[in-house]
**Student:** 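Starting off with a structure, shown below.
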Amino acid sequence: MARTVADEKKTLRAILSESRDALSIESAASLSEIIQRRFIESEPYRAASAVVLYAAKGNEVSTDIIFAESLSAGRAVFYPRVDERSGTIVARRVRNRAELHRGAFGILEPSDSAEGLDRSKFKQIIICVPGVAFGLEGQRLGRGGGYYDRFIAQLGDDAISVGLAYSFQLLDGIPETGLDRRLNYILTESAVHRACDAPLPAPGTRTKEVHPGDYRNPGIHSWWRGLFHLGDNETAQGRR
């Protein structure tokens, strides 16, 4: 029986989630700091007047340093608030970590009364996106709800999307459907990869490594390739 995109995503999600959860608290904190510093030093961040962050859950790459630096630099900071009934995300402004409270899926989020993100007020918006795994061409594997795909589509092509990941989460490719949204950049502790100029680039578009860092390996673990066949599959019915 042929494997569907949903099957392959489920397998990847299980293996990569287990690998991320296996990180020690100290390792996750150390790598997260490197990734955040790299983000803060990046040109897209420096050009942004508004930043959309996420509150990390478990061993996800933290955004706490970015939050503090953004406030210090006078940038407007927003966090996503999930509406489970509509399956959507609304970005709301946060000026202090104390304004975040446990919400959908046990993730910290702003209150429903907080100021919403008005794109017309900002020259450039950059959004940090969490994920279980990422592909070289900007593909992203999330938890399976499709919230960020819809949110990125809502923000439009002018917003810069950046996936924050540990190097082992960056793969040659990720199975995807037509509704998945690709990211512009993927940042790991060892490199910054410019993935694409649009949410859905033409098939075959490759990434351009723009910050090789001090590592010969830019963070792509080629040994993952043998675990999965990421070829053409029938479109999955489920959404992530």
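Along the sequence shown, the residues carry numbers beginning at 1.
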**Student:** Rounded at 0.5 Å granularity, tell me how far OG in S62 sits from CG in L53.
**Tutor:** 9.5 Å
**Student:** To the nearest 0.5 Å, what is the distance between OG on S32 and CG on L164?
**Tutor:** 8.5 Å
**Student:** Enter the distance from I35:CD1 to S190:OG here, rounded to the nearest 0.5 Å.
**Tutor:** 8.5 Å
**Student:** Is the closest side-chain heavy-atom distance between I66 and C128 below 4.5 Å?
**Tutor:**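 The answer is yes, as the side chains (C-beta and beyond) meet within the 4.5 Å cut-off.
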**Student:** In Å, rounded to the nearest 0.5 Å, how long is the span from CG of D149 to CD of Q154?
**Tutor:** 13.0 Å
**Student:** Under the rule for side chain to side chain contact (heavy atoms under 4.5 Å, CB included), what residues qualify as partners of P130, not counting sequence neighbours?
**Tutor:**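 If we apply the side chain to side chain contact (heavy atoms under 4.5 Å, CB included) test to P130, skipping adjacent residues, the hits are Y54, E60, Y148.
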**Student:** Please find the pair of heavy atoms, one from V129 and one from S161, that lie closest to each other, and give the distance.
**Tutor:**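 The answer is CG2-CB, 4.5 Å.
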**Student:** Does the Q139 side chain pair with the main chain of P175, one donor and one acceptor, at a distance under 3.5 Å?
**Tutor:**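 A pair under 3.5 Å: no.
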**Student:** Please determine whether a side-chain nitrogen of the Lys or Arg among D118 and R93 lies less than 4.0 Å from a carboxylate oxygen of the Asp or Glu.
**Tutor:** no
**Student:** Could you tell me if T88 and D83 have a donor-acceptor pair between their side chains, going purely by distance under 3.5 Å?
**Tutor:**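 T88 and D83 do not have a side-chain donor-acceptor pair below 3.5 Å.
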**Student:** According to the ring-ring contact (aromatic ring centres under 6.0 Å, His included) rule, which pairs have a member within residues 20-46, sequence neighbours left out?
**Tutor:**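 Residue pairs with at least one partner in residues 20-46: F39-Y45.
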**Student:** Judged by modelled atom types alone, do S24 and S27 share a side-chain donor-acceptor pair under 3.5 Å?
**Tutor:**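 Note: S24 and S27 side chains meet the donor-acceptor criterion.
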**Student:** Can you tell whether the side chains of R119 and D158 come within less than 4.0 Å, N to carboxylate O?
**Tutor:**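 No, no charged N to carboxylate O under 4.0 Å.
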**Student:** For S70 versus V51, what's the shortest heavy-atom pair and its separation?
**Tutor:** OG-CG2, 3.9 Å
**Student:** Donor-acceptor pair, distance only, cut-off 3.5 Å: does the side chain of Q36 make one with the backbone of D64?
**Tutor:**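 Pair found, side chain donor or acceptor close to backbone of D64.
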**Student:** Quick one: does any side-chain atom of N59 pair with a main-chain N or O of A28 as donor and acceptor, under 3.5 Å?
**Tutor:**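 Pair absent, no side-chain N/O of N59 close to backbone of A28.
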**Student:** So which atom in I186 and which in A195 form the shortest heavy-atom distance, rounded to 0.1 Å?
**Tutor:**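 Taking I186 first and A195 second, the nearest heavy atoms are CG1-CB, 4.4 Å.
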**Student:** How close do V61 and A56 get, counting heavy atoms only, and between which atoms?
**Tutor:**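 Closest approach of V61 to A56: O-CB, 3.6 Å.
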**Student:** With a 4.5 Å heavy-atom cut-off, do L179 and R150 have their side chains touching?
**Tutor:** no
**Student:** Does a salt bridge link R95 with E115, judged by any charged N lying under 4.0 Å from a carboxylate O?
**Tutor:** yes
**Student:** Can you find a pair of side-chain heavy atoms, one from L183 and one from V162, that are under 4.5 Å apart?
**Tutor:** no
**Student:** Within the structure provided, determine whether L155 and I127 are in side-chain contact (heavy-atom separation under 4.5 Å).
**Tutor:**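 Yes, close enough: below the 4.5 Å cut-off.
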**Student:** side-chain hydrogen bond (donor to acceptor under 3.5 Å, both in side chains) between S167 and E189: does it pass, once the steps are laid out?
**Tutor:** CA-CA 6 Å; S167 60; E189 72 274 14; 2.8 Å; yes
**Student:** Hey, any chance I152 and V90 share a hydrophobic cluster, counting ILVMFWY side chains that come within less than 4.5 Å of each other, even indirectly?
**Tutor:**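 No, because I152 and V90 fall into different hydrophobic clusters, even though each may have its own neighbours under 4.5 Å.
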**Student:** List the residues meeting ring pair (Phe, Tyr, Trp, His ring centres under 6.0 Å) with F67, not counting sequence neighbours, and say none if there are none.
**Tutor:**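 Y79.
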**Student:** Heavy atoms, side chains only, cut-off 4.5 Å: are Y185 and P44 in contact?
**Tutor:**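 Of all side-chain heavy-atom pairs linking P44 with Y185, at least one is under 4.5 Å.
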**Student:** Are E69 and R75 close enough for a salt bridge, meaning some N to O gap below 4.0 Å?
**Tutor:** yes
**Student:** So L117 and I125, do their side chains get closer than 4.5 Å, heavy atoms only?
**Tutor:**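 A side-chain contact under 4.5 Å exists here.
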**Student:** With R46, which residues qualify under side chain to side chain donor-acceptor pair (under 3.5 Å), at least two apart?
**Tutor:**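 Scan of R46 (side chain to side chain donor-acceptor pair (under 3.5 Å), adjacent residues dropped) gives none.
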**Student:** Is the backbone of T4 close enough, under 3.5 Å, to the side chain of D7 for a donor and an acceptor to pair up by distance?
**Tutor:** yes
**Student:** Which heavy atom of I107 sits nearest to which heavy atom of R143, and what is that distance?
**Tutor:** CD1-NH1, 3.0 Å
**Student:** Going by ring pair (Phe, Tyr, Trp, His ring centres under 6.0 Å), name the residues that satisfy it together with F122, two or more places apart in sequence or in a different chain.
**Tutor:**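 So F122 forms a ring pair (Phe, Tyr, Trp, His ring centres under 6.0 Å) with F78.
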**Student:** With sequence neighbours excluded, give me every ring-ring contact (aromatic ring centres under 6.0 Å, His included) pair touching residues 89-115.
**Tutor:** F105-Y147
**Student:** Can you tell if the side chain of E33 reaches within under 4.5 Å of the side chain of R38, non-hydrogen atoms only?
**Tutor:** no
**Student:** Just so I know, are the side chains of L141 and L171 near enough to count as touching, which here means a heavy-atom distance under 4.5 Å?
**Tutor:** no
**Student:** Measure from the side-chain N and O atoms of R92 to the backbone N and O of R81, and report whether any donor-acceptor pair falls under 3.5 Å.
**Tutor:**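 Flag not set: sc R92 to bb R81 has no pair under 3.5 Å.
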**Student:** With rounding to the nearest 0.5 angstrom, report the CD to CG distance, Q169 to L12.
**Tutor:**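 If I round to the nearest 0.5 Å, the distance is 12.0 Å.
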**Student:** Is it true that E41 and R37 make a salt bridge, defined as a side-chain N closer than 4.0 Å to a carboxylate O?
**Tutor:**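 No.
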**Student:** Linking I/L/V/M/F/W/Y whenever their side-chain heavy atoms sit closer than 4.5 Å, directly or via other members, would F134 and F168 fall into one cluster?
**Tutor:**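 They do share one cluster, since a chain of ILVMFWY contacts under 4.5 Å joins F134 to F168.
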**Student:** Is there a side-chain contact (heavy atoms from CB on, under 4.5 Å) between K9 and D180? Walk through the geometry before answering.
**Tutor:** CA-CA 12 Å; K9 283 186 176 183; D180 293 328; 3.0 Å; yes
**Student:** Once you round to the nearest 0.5 Å, how far does CZ of R194 lie from CG of N184?
**Tutor:**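 It is 7.5 Å, given to the nearest 0.5 Å.
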